Amino acid sequence: MPMRWRSPLAPLRAGPAGWAVLAIGLASTAVTASYVARAVRLAQDARFQEVSARATDAVRERMDAYLATLRSARGLFDGGRPPTRSEFRSFVSSLELPRFYPGIQGIGWVEVVRAADVERHEAQVRADGLPDYRVWPREPPRDPLTAITYLEPPDWRNQRASGFDMASEPLRREAMERARDSGFPACSRLVELVQEAGAQRQAGFLIYLAVYARPAATADQRRDALLGWVYAPFRAGDLLRETLGGEVMAGVRLDVYDGEEARPEALLEGAPGAAPADARPREVRLAVAGRPWTLRFARGAGFEVGLERWLPLATAMLGLLVSLLLFNLTGREVRSRRQAVRAADRARLLADAGKLLASSLDERATLAQVALRAARTHADWCVILLIEPDGPIRLVGHADPSLAGDAAQALQGMRLDPEASFGAAAALRSGQPWLSHDVDAATWARLAAGPAQLMGLELARVRSVLTAPLQARGEDLGAITLVSCDPARRFGEADVDMVLDLARLAVAAIDTSRLYRRAQQAVKLRDEFLSIASHELRTPLTSLALQSDSLRATAARGDVPPAVARKVEVIRRNVDRLAQLISALLDITRIGAGRLELQLERVDLAQVVQDVAERFEDEARRGGSELRVAVAPGIVGRWDRLRIDQVLTNLVGNALKYGQGRPVEVRAAADGDRALLSVRDEGIGIPLEAQQRIFERFERAVSGRHYGGFGLGLWIVRRILEELGGSIRVESEPGRGATFTVALPLGELPRADRPREALRADAGRPQP
Ligand code: ADP
């Protein structure tokens, strides 16, 4: 029997609130994460912009600085006279090119040489300290030619270029002509420098600045006045590395292209390796000495800093975590609320069941209502089995009250197999609740009385069955079974506790009802016995009374000795006393059975008082009490004479018995529509606590050792007076006597049968 069962899906039963919290959490996580990703992207874009702008500025500034050196080199030619080789050399070395202008290969002077002057020019330069100098190439023949005359510093690379006629090469010539005609610096396209040699060849370019013999304003004038060019060859790789070295680039890769497009063949210089796959590279155009360059910036792997890479993901994970946490918390909250509601429902069911069971002693009726009540909120079926001597009874409640009848029909005649290992039999045998979540077809087949019943049971598709035994003092009374056909409602521990409580209530109710019935049976037997016994006693007593009367008559005639006559008197009094007791016993049975019949007639109260007083005369005298009577004449009502007599006899008898020999006073007077009759004594009195209860059956305020009696007299008096529509009350103080006052209606009885009805209803109640 799996008592503890917890679904692995329980955390998912978070209710709409839980799912809503999860949805909101996930949505806000998505929004936040995408916002963070966007912010990161914007920050990266801004940084990228800044890095590329800085790099562009650096290139521009560096080129401007180089152009400035060319301009200052041109200054050496002022006045149309070229500087001497040593002047030029000392100028260039003063610039400290490797230190302040890295990337620049050198600064040179290209002289225009007419074809006719070439030999002279070569001789002159050779004389100037370059014995191997020659102008080259000489083919095809050109006029004028140009020749690199000076190129400082004179390192081995630059020496290779000495005497070279750059105009012989179209790319260089184009730039030289542009410089010549414009008067501004002109940058060449991409060329391989003459200085390049070996494995470390780099792309290069040259910048030319024309030198004129005299100031010239137009292109023609400039051509005429042209002396040559100061120029600088650049190794692009060295230049850009130096310009953009260090952290300037911060993960941004820069490729510099000659021209307006980033064509691979025009690549001046780029970072080594394959270009990174930046979907959004940035291209910047830059004019370098009249030549367009394209700077292409792309973000590389090192561009993204750690925080940027993780922040969106971390935000999403954190959001997800918080959402799940909230989902879980909300789920818990929802579940504990649901549990609280269920607990309240169970408490309500128990309270209702308690009320229903207390409402009547007919346990079959109340338990049937309990079954209906339980099925309404806690199960599809609630079956209460009662084991009765005539066979089992099933009280059936169904969640749909209109089906309760059919359900009861379906279960009628279902077998109760005491050996069964399930349901009521199992619960009764073990004294423990029995719970199952899978009652199979075979079980139903054993329980069902016939195929039709089996079909009905299987149609119901029972999911969960919970049975609690009903046992009291080792006796099997029955069982309560809850059945659920709803897959969502599996009975759990709390239901087990509840059904046990319900079983306790039911057992108490059944037990009480059965005990009550047994007690009633016993009372009935007692009353029957009393009735028979008092009848049987009355017959010999009547004869005894007649005999003692005749003896007394004989004694009165003086036929017997005085001692015998006194004994006859004693016998007679005791016979009276015995007769009174027997009639009291008879009255008990009559009143208990509601059979106190009244003989209504005109009764004169003064007459009754007179009769009773006369009867007590002897007794009063013997007790030393004075019996005073003060009755107004003419108090007449429709009463039962014998019963009024009985009332007064009881009251006067008590007054004499408890009156301690002091005077007893009987008064009667009319008071409006009632007659008031009072009996007053000055005896032991009655404590306040007892003044109410002495009117109940067998209730006394004195001990039996001092005063004999049954405690029945006042009870009978009260019931007679209730029958007559009257009442009785007592006023007393202990030691100061007691006054009993009887009120009787003077008119007709309001409704002759009312008091008797009341008595009958009373008789049905459990008696104290
Ligand atoms: P019984 O006299 O046989 O005991 P009753 O029903 O007549 O039964 O009276 C009930 C009780 O009321 C008496 O036992 C007694 O304690 C008290 N009682 C009745 N009448 C008086 C009275 N006049 N004075 C004092 N106590 C009284």
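Note that ligands are numbered from 1 as they come in the structure, with each ligand's atoms numbered from 1 the same way. Not measured: the values here are computed from a predicted model.
At a heavy-atom distance under 4.0 Å, only side-chain atoms of Ile686, from C-beta outward, approach ligand 1. In Lys657, the part holding a heavy atom less than 4.0 Å from any atom of ligand 1 is the side chain.
Of the N or O atoms in Ala701, one or more lie within a sub-3.5 Å distance of an N or O in ligand 1. In terms of polar-atom proximity, defined here as any N/O pair under 3.5 Å, Asn650 makes no such contact with ligand 1. Between Tyr658 and ligand 1, an N or O atom pair is found at a separation short of 3.5 Å. At least one N or O atom of Gly713, backbone or side chain, sits closer than 3.5 Å to an N or O atom of ligand 1.
At a 4.0 Å cut-off, at least one heavy atom of Gly711 sits close enough to ligand 1 to count as contact. Under a 4.0 Å heavy-atom criterion, Tyr707 is not in contact with ligand 1. Leu712 counts as a contact of ligand 1, since one of its heavy atoms falls under 4.0 Å from the ligand.
Within 6.0 Å of the CZ atom in Arg573, the count of heavy atoms belonging to other residues, nucleotides or ligands exceeds 12.
Taking the six-membered ring for Trp and the full ring otherwise, the centers of Tyr707 and Tyr658 sit less than 6.0 Å from each other.
In this structure, Ser513 contributes its side chain and Leu361 its backbone to a donor-acceptor pair below 3.5 Å.
Scanning the protein heavy atoms around atom 7 (O) of ligand 1, the nearest turns out to be Asn654 ND2, 2.8 Å. With hydrogens left out, the protein atom closest to atom 23 (N) of ligand 1 is Asp681 OD2, 2.9 Å, a heavy atom. Protein heavy atom in closest approach to atom 10 (C) of ligand 1: Glu699 O, 3.6 Å. For atom 5 (P) of ligand 1, the closest heavy atom belonging to the protein is Leu714 N, 3.7 Å. Of all protein heavy atoms, the one closest to atom 4 (O) of ligand 1 is Arg700 NE, 2.5 Å.
With rounding to the nearest 0.5 angstrom, the CZ atom of Arg342 is 13.5 Å from the CZ atom of Arg348. Atom CD in Glu689 sits 4.5 Å away from atom CZ in Arg693 (nearest 0.5 Å).
Inter-residue side-chain proximity for Asn574 and Val570 is flagged as met; some heavy-atom pair is nearer than 4.5 Å.
Short contacts between ligand 1 and Val702, defined as distances under 4.0 Å to a heavy atom of the residue, involve ligand atoms 14 (O), 16 (O). Of all atoms in ligand 1, numbered sequentially from 1 with element shown, those under 4.0 Å from a heavy atom of Gly709 are 3 (O). Which parts of ligand 1 touch Phe710 is read off a 4.0 Å heavy-atom cut-off, strictly below it: atoms 3 (O).
A donor and an acceptor atom, one from each side chain of Arg517 and Gln520, are nowhere located under 3.5 Å apart. Ser484 and Ser464 are not linked by any side-chain donor-acceptor pair at a separation below 3.5 angstrom, with hydrogens and angles left out of the test. In summary, the side chains of Arg662 and Ser625 do not present any donor paired with an acceptor at a separation below 3.5 Å, with no hydrogens or angles considered.
A salt bridge (Lys or Arg N to Asp or Glu O under 4.0 Å) with Arg718 is found for exactly one of Glu699, Glu723, Glu696, namely Glu696. Considering Asp604, Asp645, Ile720, Leu746 as possible partners of Trp639, the one that fulfils the side-chain contact (heavy atoms from CB on, under 4.5 Å) test is Leu746.
Here atom 11 (C) of ligand 1 lies nearest to Ile694 when heavy atoms of Leu651, Ile694, Thr739 are compared.
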